[in-house]
Protein chains: 2
Amino acid sequence: MITSHNGPQPADFTDVRATNLAVVLRFVRENAPCSRADIAASTGLNKATVSSLVADLIDRRLLRETGLTEHRVGRPATMLVLDGSPYAAIGIEVNVDYITAVAVDLKGEELLNWRRSFPGGTSSAGQAVVAMAALARRVVSRMTKEARQVLGLTVAVPGLVDVNGTVRVAPNLGWRDADLAGDLTKALRDPGFPVLVDNDANLAALAEHRFGPHRNAANLVYVTGEVGVGAGIVMDGRLRRGGQGYSGEIGHIELDPAGPTCRCGRRGCLEAVAGMGAILARTAPDASPSELELEIDEVVRRARNGERDILALLEDVGRHLGRGMAAVANMLNPEVVILGGYYVPLAPWLVACAEEEMYGRVLAPGGGGCRLEVSTLGYGAAALGAAARVLDSVDSGRLPAQR
Amino acid sequence: MITSHNGPQPADFTDVRATNLAVVLRFVRENAPCSRADIAASTGLNKATVSSLVADLIDRRLLRETGLTEHRVGRPATMLVLDGSPYAAIGIEVNVDYITAVAVDLKGEELLNWRRSFPGGTSSAGQAVVAMAALARRVVSRMTKEARQVLGLTVAVPGLVDVNGTVRVAPNLGWRDADLAGDLTKALRDPGFPVLVDNDANLAALAEHRFGPHRNAANLVYVTGEVGVGAGIVMDGRLRRGGQGYSGEIGHIELDPAGPTCRCGRRGCLEAVAGMGAILARTAPDASPSELELEIDEVVRRARNGERDILALLEDVGRHLGRGMAAVANMLNPEVVILGGYYVPLAPWLVACAEEEMYGRVLAPGGGGCRLEVSTLGYGAAALGAAARVLDSVDSGRLPAQR
DNA sequence: TTTAGTTAGTCTTATGGCCAAACAAATGAC
DNA sequence: GTCATTTGTTTGGCCATAAGACTAACTAAA
């Protein structure tokens, strides 16, 4: 079935074509190498139709034929794989002290991963645009040198990004109402590819949904673990942004009216009791945001050494985290909640108690089938997801123009 | 654009046709009476295509031609409206002390609304199936007498319903693992129409999304206000049920670890501090569930009289409710949260403080555009939504067979 | 009363994309 | 060497939409 997902929009055969091109493309990504006959058998499309679709995709260099099968009865099949070489998708992540750029090919293979220090915490959005544009131009020129066409660029920002790509508030960066998508497009002077901006948690969720070990889950939630805590929500196979794009702001769910004061001014917010700030407040109260990574390393070291107070602290954080995740699981019933950011190195001491707390609070039998897992994509999840956002457009059938 | 919303499913012409039939049908529902030319101009479909689609819809008696326009320059247009007469969709709601059945036509006009007392709280699921089947048969025979074809039947159940229509847990009814959809289909002996089962909050949300004053909102949350508190979530224009169908279980989000004990055994759950139980515990601690309606009437009367302790109680409940809704708004960023059930009569004393509390806690600027509103659909929202669930199938292009 | 202008809806033809089935190609099994 | 098997292409048919000509039915104004 076809579902026009945003209201009454009519369909015609170009939509059928786009849908089916996307079906074939996704099938090959998930089952490569495979033959045309495999595709026809599994998708239900007619053999002739598959041949025509594959021809289109080969023309546009999205697919490539590899060798033939051997030693089987019948005519050998020509195998198809994604063609990694001619395209690139760029993802950029801005943060408090660095900008990361990654480029991936259609398969999701990382082509480059550049990290460049940048005083995000003390720079204006305008300065960030200049820095990002410079970095983006270098990435684009590298990709061009490799004879790759850039399909698009997406920027991940830790903050509230509305549906138009305007950064409404980015507390850690000190930005307000910055039209990042527009300004960056201007700074790149007619780049010839779309420039998008989205929230970092949303994009990390997209990365997990596309590349992570739970990529089959149509309903998943990714939780960032920095000083701030945010979530990206995938339901029914797509990122759900809410009415204005601000979904997933779980950091300020109030868990305890008698809890510690949060930087938002209220008490007992999830991020005040289970964010990195809650840990630093008790281990390194004077640390600046840029020292976060070092300090967490130190916490990990002390936990490994079995220091009692640290273990107790982490258990406490884990329990609060579990309570927050129970709220998520009760409200959204995802198949999996994936913990990212600094929750990853801290996971050995957090997850067990968080899970226990969560399962104890989820109403649905068996916790609604919701598991609590740890991200395997590392710190670059948001940047990777930003690139994945670009590939999503291709996946939904908007193929790059034929050359 | 067309989006195949559940994974790689290929499309063909029948899908295009179905999509466009649905587009026309929805357009007429929202803009009746209107002409073929209006449809073509607004949807972008070709005039000839619209004529063909409309002919199909008239053949199947989903549309009807009414008179002509007059006193306008040019050839008068033949106006089209939904044809209410030949079909019916049935919704049934089971509850602690009654079963409600409603039938609506394609326009959503209520054809009948029967309420029949039933000791749901002390009956088994099997007994309920017998009672529902009896009621359903009477409704069907009435509809048949009116020469209407029944398009389907949906049952709304206050409890956890999985994606297959099995009732996993219904605490107020005391049911567990009841295959209601299957059993009811059997009891109706090949009814010739689909029988579905879903959660009452989900279906009430669907009713609001289709018939309510905020029917244009693609992102809305409906909150039930009974002893239990649950939510139905519409995001991006569709009901989102989560991985197993248990989304929206907000009643046991923990708002205060030091709060009163909830019937689930834990402390400070939303429904323990802002559900009807929280009110009854302080006004009529010995009331049985079936007296709920009377007791709430009494609370309303006393609030109208300005009784201090009642007003204070309601303000307290309102504040807790607002905190819970802040969690909802932060996580989902809906355009509107609609309060239903007994929140409706209590709204004059609840909403102002709930709203204040909510806006104070939502991180997004301007509360993310999220409003807190009161349902206007009355107690029958779930049953109405159950019927709406049937109409949704028609709307997505699965038209009833031609006669 | 004629004529021009306007809008509604149908008819004809073309195009694009899918499917079914026949067919060609390339292999293994016997 | 022949047959069975599997792959992928070709052919023809079908279906739905688009474009534009055409018919229909009205108002306005000369």
Subject >> Minimal non-hydrogen separation, A:Met235 against A:Arg240, with atom names >> reply: O-NE, 3.0 Å
Original post:
If every non-hydrogen atom of A:Ile90 is compared with every non-hydrogen atom of A:Val140, which pair is closest and at what distance?
Top reply: CD1-CG2, 3.8 Å
For the pair made of [atom1] in [X] and [atom2] in [N], what is the distance, rounded to whole Å?
X: B:Phe13; N: D:dA18; atom1: CZ; atom2: C1'; answer: 14 Å
X: A:Ile58; N: D:dT9; atom1: CD1; atom2: C1'; answer: 14 Å
X: B:Asn20; N: D:dC15; atom1: CG; atom2: C1'; answer: 13 Å
X: A:Asn46; N: C:dA20; atom1: CG; atom2: C1'; answer: 7 Å
X: A:Glu65; N: D:dT9; atom1: CD; atom2: C1'; answer: 13 Å
X: A:Asp12; N: D:dC15; atom1: CG; atom2: C1'; answer: 14 Å
X: A:Asp15; N: D:dA16; atom1: CG; atom2: P; answer: 16 Å
X: A:Leu53; N: D:dT9; atom1: CG; atom2: P; answer: 12 Å

Original post:
When the nearest nucleotide of DNA chain D is assigned to A:Ala77 and to B:Leu21 on a heavy-atom basis, which residue is associated with the more 5' position?
Top reply: A:Ala77
**OP:** Let me know, please, whether A:Arg36 or B:Ser52 comes out on the 5' side of the other along DNA chain D by nearest nucleotide.
**Re:** A:Arg36
Is [X] close enough to [N] that one of its side-chain N or O atoms is under 4.0 Å from OP1 or OP2 there?
X: B:Thr49; N: D:dA18; result: yes
X: B:Ser35; N: C:dG9; result: yes
X: A:Thr78; N: D:dG8; result: yes
X: B:Ser51; N: C:dT10; result: yes

Assess, by modelled atom type and distance only, whether the side chains of [X] and [Y] contain a donor and an acceptor separated by less than 3.5 Å.
X: A:Arg148; Y: A:Ser85; value: no
X: A:Glu335; Y: A:Asn219; value: yes
X: B:Asp12; Y: B:Thr14; value: yes

Subject >> Residue whose nearest DNA chain C nucleotide is more 5′ - A:Gly44 or A:Lys47 >> reply: A:Gly44
Original post:
Side chain of B:Pro76: nearest nucleotide among D:dC26, C:dG17, D:dT17?
Top reply: D:dC26
**OP:** Could you please name the option among D:dG8, C:dC18, C:dA21 that lies closest to any side-chain atom of A:Ala48?
**Re:** C:dA21
Original post:
Looking only at N and O atoms, is any donor in the side chain of A:Arg75 or the base of C:dT27 less than 3.5 Å from an acceptor on the other one?
Top reply: no
